[in-house]
Amino acid sequence: MSHATVHVLNGPNLDLLGVREPHIYGTTTLADIEAMCRDVASGRLEFHQTNHEGVMIDLIHAARETGGGIIINPAGWSFSSIAILDALKAFDGPVIELHISNIHARDAAHRHSVMSQGVTAVIAGLGAQGYPVAVQAMYRLLAT
Ligand code: CA2
């Protein structure tokens, strides 16, 4: 099963990683994170970032065709997007929701993800390292 596709999907403003607010999100860029994921990937890895909700929904639908698993950092949509939650619920494989920061230790606006009820697992607070950890965890989920 290690040849299954892992889809790593990143939501709005994550293209600014490493550039703005390093005290919260660190100095690692999204390109660095993609390289960290590819380092531990043993099969096909799709890596995307979008600032557009409809594009994210299309990426989730496209993943339905390819199969495998989804790792998603929904960023600001975590707290509002029932449309993305619905798309994730329509995906048959495992879904890992990932946050760089520990959202549970943040202010009320960043604490409650509406996404979590529709996912297999949540990783939060490991910084950029959470991404390769999630890819490795995904292979285990896909093998079970
Ligand atoms: O910790 C995470 O990964 C978040 O999903 C990031 C979201 C935030 O709304 C969530 O509470 C937690 C924000 C992503 C914005 O990314 C930026 C990166 C650099 C500078 C500004 C924003």
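When a ligand or atom number is given, it counts from 1 through the structure's own listing order. Heavy-atom basis, side chains included; hydrogens, waters and symmetry copies ignored.
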Requested in this report: Could you work out the complete set of other residues in the hydrophobic cluster of I82, with links drawn between I, L, V, M, F, W and Y side chains under 4.5 Å apart?
Outcome: L9, V55, M56, I57, L59, I60, I70, I72, W77, I84, L85, L88, F91, V95, V114, M115, V119, V122
Query raised in the report: Can you tell me if N13 uses its side chain to pair, donor with acceptor, with the backbone of N51 under 3.5 Å?
Result: no
Query raised in the report: Can you list every side chain to side chain donor-acceptor pair (under 3.5 Å) pair that touches residues 119-135, not counting sequence neighbours?
Result: N10-Y131, N73-Y131
Query raised in the report: Is there a donor-acceptor contact under 3.5 Å linking the side chains of T66 and E46?
Result: no
Query - Atom pair CE/CG of M138 and L141 - distance to nearest 0.5 Å - result: 6.0 Å
Query raised in the report: With sequence neighbours excluded, what pairs up with E34 under the salt bridge (Lys or Arg N to Asp or Glu O under 4.0 Å) test?
Result: R38
Please tabulate protein-ligand N/O pairs under 3.5 Å for ligand 1, atom names and distances to 0.1 Å.
unit_1   : atom_1 : unit_2 : atom_2 : d
ligand 1 : 1 (O)  : I100   : N      : 3.1
ligand 1 : 1 (O)  : S101   : N      : 2.8
ligand 1 : 1 (O)  : S101   : OG     : 2.6
ligand 1 : 3 (O)  : N73    : ND2    : 2.8
ligand 1 : 3 (O)  : I100   : N      : 2.7
ligand 1 : 5 (O)  : N73    : OD1    : 2.9
ligand 1 : 5 (O)  : H99    : ND1    : 2.9

